[in-house]
Amino acid sequence: MNITLRVWRQRNSDDTGQMQTYQVTDVSPDMSFLEMLDVLNENLTISGEDPIAFDSDCREGICGMCGLVINGLAHGPKERVTTCQLHMRSFSDGDVIDVEPWRAEPFTVIKDLIVDRGAFDRIIQAGGFITAPTGTAPDAHAVPVPKLDADAAFDAATCIGCGACVAACPNGSASLFVAAKVTHLGLLPQGQPERHSRALDMVAQADLEGFGGCTQIGECTAACPKGIQLDLISRLNRDVLGALAHRG
Amino acid sequence: MSSVSDTQFFTVGEPLVDTKAPAVPVNLMWDERRFQAKLVNPTNRRKRSVIIVGTGLAGGAAAATLGEAGYHVKNFCYQDSPRRAHSIAAQGGINAAKNYRNDGDSVHRLFYDTVKGGDYRSRESNVYRLSQVSVEIIDQCVAQGVPFAREYGGLLDNRSFGGVQVSRTFYARGQTGQQLLLGAYQALERQIGAGSVEMYTRHEMLDLIIVEGRARGIVVRDMVSGEIETHMADVVVLGTGGYGNVFFLSTNAMGCNVTATWRAHRKGAYFGNPCYTQIHPTCIPVSGEYQSKLTLMSESLRNDGRIWVPKEAGDNRDARQIPEDERDYYLERRYPAFGNLVPRDVASRAAKQVCDEGRGVGPGGRGVYLDFAEAITRLGRKAVEAKYGNLFEMYAQITGEDPYVTPMRIYPAVHYTMGGLWVDYDLESTIPGLFVIGEANFSDHGANRLGASALMQGLSDGYFVLPSTIANYLADAPFEAADASHPAAVEVTDAVRERVQRLLAINGTRTVDSFHKELGQIMWEYCGMERTAEGLTKAIGLIRALREEFWTNVRVTGTNEELNQTLERAGRVADFFELGELMCIDALHREESCGGHFRAEHQTPDGEALRDDENFAYVAAWEFGGDGGSPVLHKEDLIYEAIEMKQRSYK
């Protein structure tokens, strides 16, 4: 198939950037979206143009490095996949496809389709962990964890930190990202001692980074490649309220 | 012991000995070594600086642990966050000798299985320690909140993996690597927040700095600004992963590369067993020329999936139309004791053989079926979904086929590299003060790695082994004062700048990827699942010619002073050429078959790998021979005291 791409080009964070149009011919439906961009980049390189910069690493949907807004949708039109898992069979011959970076104030565009997601790391630094220095652990069977809690914790822990939730949210909120970690650790017995401080500190850091507030629109869940559920944000809110009440 | 002597491709140097393992029985060594080791007083630790390159299970765990211990740590990764290191993609699980199943497991059995699985080409002392430490890893991860699979009683679940007959693999659905890495990442971020670890993301190591014979620093490129920076410390640790991307197509992430370890090799670190690569049997077959990477389907699928091909060559019927008695479940037939759970090297080679016989399935005939029909009948679709749901989903995304209805098609692909920089028992390379951990070193897996052992080794090295052994080294500090203005540092930094400019100046007609793909094809054809002296010799010539063309005809667009992904890739591919040649030389010199290294000239009458313990029971540690020179082979004899060497049999 033949595809027309309109791609965001921006030389660096100081540049204003603009959309640019490219034709890609002989696209196989079995190609991934990123492989299609690889082919375009090979052609651009040969013709002496600067290839399009985009992030990707594992290309199997788990590292969270890739992320493009495709036709206005974070990670594109297909549900529950990352950009790297999106295949061209989701598109048709003659399609015009818009490709943009994540748009959110805390995610500065570094070049073309690449953004800085360092804010997510700083949110984890603020409290997204269980303090368990190496060597201090009791036997793994010392504390049984009910299977349903363990399974729910796992579901929340599958967040890959890609930032699609933020890109999809009209408020640019990181609530789903924060809620996923607060839920993962807060459901486990090991996570209880720091449960209150974790929720408060992570939310405070998200505010500090400039992420917006949550108004329960649900675009985040719809865009999440791992299907992290919206009700986790309710749980986060309960944890924050509980922590505030506890703090008095 | 060995008959190997100088050839046109290499020369033979002095033998190499690991002097760090204490002379006590293997089960007492680690205790003895830790007792002998010098310690660093807590108040002195903050005066000692440690550079760690890589943030995967090994690097991330080491950075977190050394930060907690009070050292001043600088940690580097090429990704935008330490959480993205490729350990995250490991699916199946992590082994530990917990014996929670009461099925006869023990530290000694895990040790035995790992040495046997490695086809008696790994070092006993290291593997024994790995098995001992495995028990602590699970405890540590659970304490961090890693959500391992559990049973209804609330205790941890286990499953079985290839090459063993006990259930000792802990797992978190099909995302064990992700969950273990996030545990290490969170511990690391805690230390970054506490100020004990300085994190440098989007920074790529381009060379190693040696001062007065000790590794003291690295040169990195800031991948956003292009600035070439010099970082100095008391000690340097590489946890930079494997080099499978020399084949272009592999299950590795796009950015995985050999540059950090290769640059260290050029500076004097010996490279151990570079030809030992693991071809994983269960990957999704190649679909076209544009293919950028291959995706693994976890080996855990072999617990319930049955592998087969049609009995008749050229049988093109739909899989469901082929009756039972016209199917060849070739692993169950050839290896009744282990069946579909034979080790990876055995399963991969068997798949290649049936495809070579014309019995392969799918486009191009390079594929075999992995069939869940029987499991779905036996367990119900729901149970299969609970166990493997995310893997089935991933398969459907990529191929557009539903594995609940038609059998999966799989084919072997490059997955892991057992070779790596040579290290002693302390994980120190032949350069004093350069430690190498995880997949980047050569030490624990011999000629073939068993499933669920890579995560174990990464975390063992990072959380437990390195933090003990590095203290012994740092206890001798302070070393000579050396900052970025030291002549040795300036010289290396200038050389890195010059090399970058050289790549940018070529301005030829071919893309970096086109060279990388061609190199990959040469490696896969001649240094892949089956190797011959003739093919390897040919490959060396082809690689040399291609490398020469690369340096005169590659096109690297843009400048250094910007985010430039073409430049990043060009530097990595340039190093892959040199590594690829050494891999072929190593494979050529090893006139035997062992584990993942299969030389067609050396096989049993029924096609199994034929080892030559008389002449090749050694680690091949290669010294860099200079540009245009020949590498020098140093042999470390492998001495088995706790385990008797046998022909590996899974029948």
Side-chain angles (χ1 to χ4, degrees), chain A residues 11-12 28 30-31 34-35 38-39 42 45-46 48 50-51 53 55-65 81 85 87 89 110-111 114 116-118 120-121 124-126 128-134 136-141 144-147 150 153-154 157-158 161 184-185 188 190-191, chain B residues 64-65 68 79-81 83-84 86 88-89 98 100 136 138-140 142-145 147 149-156 172-173 175 178-179 182 186-187 189-190 192-193 201 224 253-255 287-288 290-293 295 394 397-398 400 463-464 467 511 513 555 557-558 562-563 565-566:
Chain A
R11 295 176 62 84
N12 52 48
S28 155
D30 288 329
M31 278 180 181
L34 298 183
E35 284 169 345
D38 289 342
V39 171
E42 286 289 277
T45 305
I46 290 300
D50 197 20
D55 266 334
S56 80
D57 207 24
C58 78
R59 294 207 177 183
E60 50 188 87
I62 195 75
C63 76
M65 186 101 174
V81 294
Q85 294 172 299
H87 283 70
R89 66 179 80 94
I110 298 173
K111 184 178 182 180
I114 297 180
D116 178 2
R117 287 169 291 200
F120 270 16
D121 288 336
I124 298 295
Q125 279 163 35
F129 49 75
I130 288 171
T131 300
T134 305
T136 59
D139 183 85
H141 270 178
V145 181
K147 180 171 166 55
F154 174 86
T158 56
H184 159 209
L185 300 177
L188 299 170
Q190 306 90 304
Chain B
T65 303
E68 285 164 6
Q79 301 91 341
D80 75 326
S81 164
R83 68 180 293 154
R84 314 227 190 268
H86 194 55
I88 202 143
K98 281 285 196 186
Y100 282 162
E136 293 173 71
I138 301 304
D139 300 341
Q140 177 62 30
V142 166
Q144 289 169 342
R150 287 181 184 264
E151 299 177 314
Y152 281 100
L155 301 178
L156 295 162
R173 226 167 287 173
Q175 285 140 271
Q178 178 196 28
Q179 295 308 318
L182 291 182
Q186 287 161 200
E189 289 295 341
R190 189 167 73 85
I192 297 169
T201 59
V224 176
M254 302 303 287
S287 76
Y290 47 80
Q291 191 105 21
S292 60
K293 77 151 283 163
T295 303
M394 191 194 281
Q397 298 295 356
I398 293 173
Y463 282 134
F464 297 105
T511 64
D513 276 10
R555 168 171 288 192
T557 51
E562 61 179 330
L563 191 154
Q565 294 177 315
T566 313

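Throughout, protein chains are lettered first and strands after them, A, B, ... in sequence-line order, and every chain is numbered starting at 1.
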Could you tell me which non-hydrogen atom of [X] sits nearest to which non-hydrogen atom of [Y], and how far apart they are?
| X | Y | answer |
| --- | --- | --- |
| E68(B) | A187(B) | OE2-CB, 4.5 Å |
| R150(B) | A150(A) | CD-CB, 3.8 Å |
| P133(A) | R190(B) | CG-NH2, 3.8 Å |
| S28(A) | Y290(B) | OG-OH, 3.5 Å |
| R59(A) | D38(A) | NH1-OD2, 2.7 Å |
| Q125(A) | G193(B) | CG-N, 3.9 Å |

For [X], is it the side chain, the backbone, both, or neither that has a heavy atom closer than 4.5 Å to a heavy atom of chain A?
| X | answer |
| --- | --- |
| E151(B) | backbone |
| S81(B) | both |
| Q79(B) | both |
| L182(B) | side chain |
| T65(B) | both |
| S292(B) | both |
| Q140(B) | both |

Legend entry - Point-to-point distance, once rounded to the nearest 0.5 Å, from CD of Q565(B) to CE of M254(B):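 Here the rounded value is 10.5 Å.
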Flag the one option from [options] with the top tally of heavy-atom pairs under 4.5 Å to chain B.
| options | result |
| --- | --- |
| L188(A), D55(A), L185(A) | D55(A) |
| G48(A), P146(A), G64(A) | G64(A) |
| D116(A), T134(A), I62(A), I130(A) | T134(A) |
| D139(A), L34(A), D30(A) | D139(A) |
| D50(A), T136(A), T131(A) | T131(A) |
| D121(A), T45(A), I110(A), V81(A) | D121(A) |

Among [options], single out the residue with the greatest number of heavy-atom pairs under 4.5 Å to chain A.
| options | answer |
| --- | --- |
| Y100(B), Y152(B), F464(B) | Y100(B) |
| V224(B), L563(B), T295(B) | L563(B) |
| Q179(B), K98(B), E562(B) | Q179(B) |
| G288(B), S287(B), G400(B), G558(B) | G400(B) |
| T566(B), I192(B), T201(B) | I192(B) |
| R173(B), Q291(B), Q175(B) | R173(B) |

Legend entry - Evaluation steps, salt bridge (charged side-chain N to carboxylate O under 4.0 Å, His left out), between D57(A) and K293(B): CA-CA 10 Å; D57(A) 207 24; K293(B) 77 151 283 163; over 6 Å; no
With only heavy atoms counted, which part of [X] is less than 4.5 Å from chain B, the side chain, the backbone, both or neither?
| X | result |
| --- | --- |
| H87(A) | side chain |
| R89(A) | side chain |
| V145(A) | both |

Inset, instruction - Under the salt bridge (charged side-chain N to carboxylate O under 4.0 Å, His left out) rule, collect the residues that match up with E42(A), sequence neighbours excluded. - result: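 Checked E42(A) against salt bridge (charged side-chain N to carboxylate O under 4.0 Å, His left out); zero matches.
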Legend entry - Salt-bridge contact R83(B)-E189(B) (side-chain N to carboxylate O under 4.0 Å):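 Between E189(B) and R83(B) there is no salt bridge, as every charged N stays at least 4.0 Å from the carboxylate O atoms.
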